[in-house]
There are 2 protein chains.
Amino acid sequence: MGMDELDLRILQLLQKNARLSYREIARELNVAVGTVYNRIKKMEENGVIRGFCVAIDYEKVGFGLTAVIGIKAKGREIMRIEREIAKNPRVMQVYDVTGEYDIIAIAKFRDRADMNRFVKWLLSLEGVEKTNTSVVMDIAKEDFTISLEALSEK
Amino acid sequence: MGMDELDLRILQLLQKNARLSYREIARELNVAVGTVYNRIKKMEENGVIRGFCVAIDYEKVGFGLTAVIGIKAKGREIMRIEREIAKNPRVMQVYDVTGEYDIIAIAKFRDRADMNRFVKWLLSLEGVEKTNTSVVMDIAKEDFTISLEALSEK
DNA sequence: GCTGAAAGATTGGATGG
DNA sequence: CCATCCAATCTTTCAGC
């Protein structure tokens with residue numbers, strides 16, 4: 001993607017705080033404002049930067065229960081089921097996977113009753129054969145950051 | 001947390017684009033700029049907003065392989081193992097879970113060799129008994145957004 | 001491709017309703 | 001909690017290197 005060290009360092013700063021001004025980034029990295037501006041625009045254009053999001057504390061907004069749910073489904077239906085699940089407002093991630101299950105979904109709930117309702121809903125979807133729920137007791141890490149360390153490996 | 005409809009609508013806009021100016025948000029929601037400013041500051045202060053991040057297309061930066069890994073570990077060691085795993089630069093999520101496994105981790109890799117190295121590393125950690133890797137073939141959804149719809153339910 | 005300056009837009013924070 | 005205000009700061013563009 002033709003990214004150099006400067007792009008990576010800009011990304012790293014934005015990962016920590018996406019509302020940093022171009023000026024602050026420029027100051028931090030000792031380059032001109034225009035350079036930072038151009039680099040970020042370029043990464044937005046070529047899709048390396050998909051967007052800027054806000055990290056919400058879901059516990060504080062009443063969705064303190066997280067679950068990782070494995071789903072077995074009938075072959076031809078899988079894509080449709082995935083799309084359906086992805087549209088559910090409680091669902092954050094939906095992966096089509098190899099292995100024990102066909103789909104793995106991660107979702108947040110208000111409480112156990114809320115979660116049970118969701119699992120029942122899953123089982124009611126045409127093509128879903130069985131589900132396996134792992135309830136999250138503690139979150140050691142939860143974000144979408146890869147450290148610069150990994151990205152800059154040769 | 002004393003959040004009202006306006007807070008939720010501000011959050012929703014920020015979820016789509018965290019670099020929106022206060023002014024743009026105010027215009028969109030038909031409220032005063034100062035109000036938007038005050039609301040966002042308050043949500044940052046009380047921790048509802050944990051931060052602002054950039055969403056990177058990991059495929060475009062060379063980390064196109066995602067895996068969901070279940071880990072079984074010996075009881076007393078689990079917390080230490082989780083912290084260790086969370087520090088690995090390829091790891092995005094580490095959950096302490098009930099169910100078939102003790103820990104579920106989600107990580108991104110350059111390729112299969114990179115992933116295999118990681119799994120070997122996991123197995124080399126003191127206390128890790130076995131792992132089960134589900135390789136992600138397709139991502140139907142992957143972010144940390146809950147829709148306003150869920151948040152505003154009574 | 002980078003820099004720095006400049007015009008216009010935005011922000012932080014305070015004030016008063 | 002909301003609106004208005006303004007000096008300080010920022011975005012975005014662009015000429016010059």
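Just so we're on the same page: letters track the sequence lines, and every chain starts at 1.
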Atom-pair distance ([atom1] on [X]; [atom2] on [N]), nearest Å:
X        : N       : atom1 : atom2 : result
Asp7(B)  : dC2(D)  : CG    : P     : 9 Å
Glu5(B)  : dC2(D)  : CD    : C1'   : 18 Å
Leu20(B) : dC10(D) : CG    : P     : 18 Å
Ile25(B) : dC2(D)  : CD1   : C1'   : 17 Å
Arg23(A) : dT3(C)  : CZ    : P     : 14 Å
Ile40(B) : dC1(D)  : CD1   : C1'   : 16 Å
Glu44(B) : dG12(C) : CD    : P     : 9 Å
Asn38(A) : dC2(C)  : CG    : C1'   : 9 Å

- Identify whether any heavy atom of Tyr22(B) sits under 4.0 Å from a base atom; if not, whether one sits that close to sugar-phosphate; answer base, sugar-phosphate or nothing.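 Sugar-phosphate contact only.
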
- Query: Thr35(B) near the nucleic acid: base, sugar-phosphate alone, or nothing, with a heavy-atom cut-off under 4.0 Å?
  - Reply: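 Sugar-phosphate, no base atom in range.
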
- Message: For Arg19(B) and Asp4(B), find the nucleotide of DNA chain D closest to each by heavy atoms; which residue's nucleotide sits nearer the 5' end?
- Response: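 Residue closer to the 5' terminus by nearest nucleotide: Asp4(B).
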
- Item | Whichever of Gly34(A) and Glu24(A) has its nearest DNA chain D nucleotide further upstream toward 5' |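 Mapping each residue to its closest nucleotide by heavy atoms, the 5'-most match is Glu24(A).
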
- Message: Would you compute the distance between atom CD1 of Ile85(A) and atom NZ of Lys141(B) and round it to the nearest 0.5 angstrom?
- Response: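 Here the rounded value is 12.0 Å.
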
Is any side-chain N or O of [X] closer than 4.0 Å to OP1 or OP2 of [N]?
X        : N       : value
Arg27(A) : dT9(D)  : no
Lys41(A) : dT11(D) : no
Arg39(A) : dG1(C)  : no

- Does the Arg80(A) side chain pair with the main chain of Glu126(A), one donor and one acceptor, at a distance under 3.5 Å?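 Side chain of Arg80(A) to backbone of Glu126(A): a pair is present.
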
- Message: When you measure from the centre of the six-membered ring of Phe118(A), is the NZ or CZ of Arg110(A) closer than 6.0 Å and no more than 45° off the axis?
- Response: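 No, Arg110(A) does not sit over the ring of Phe118(A).
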
- Message: Less than 6.0 angstrom from the centroid, inside 45 degrees of the normal: does Arg19(B) satisfy that with respect to the ring of Tyr22(A)?
- Response: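 Judged by the rule, Arg19(B) and Tyr22(A) form a cation-pi pair.
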
- Query: For the side chain of Ser21(B), counting heavy atoms from C-beta on, which of dT10(C), dT4(D), dG4(C) is nearest?
  - Reply: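 Closest nucleotide among those given: dT10(C).
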
- Query: The side chain of Lys42(A) lies closest to which of these nucleotides: dG1(C), dA6(C), dA3(D)?
  - Reply: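 Looking only at heavy atoms from C-beta outward on Lys42(A), the closest nucleotide is dG1(C).
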
- Message: Within the 3.5 Å criterion, strictly below it, is a donor on Gln93(A) or Tyr95(A) matched to an acceptor on the partner's side chain?
- Response: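 Yes, side-chain donor-acceptor contact under 3.5 Å.
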
- Query: If each of Val33(A) and Val33(B) is mapped to the nucleotide of DNA chain C with the nearest heavy atom, which maps nearer the 5' terminus, i.e. the 5' end?
  - Reply: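 Nearest-nucleotide comparison on DNA chain C picks Val33(A).
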
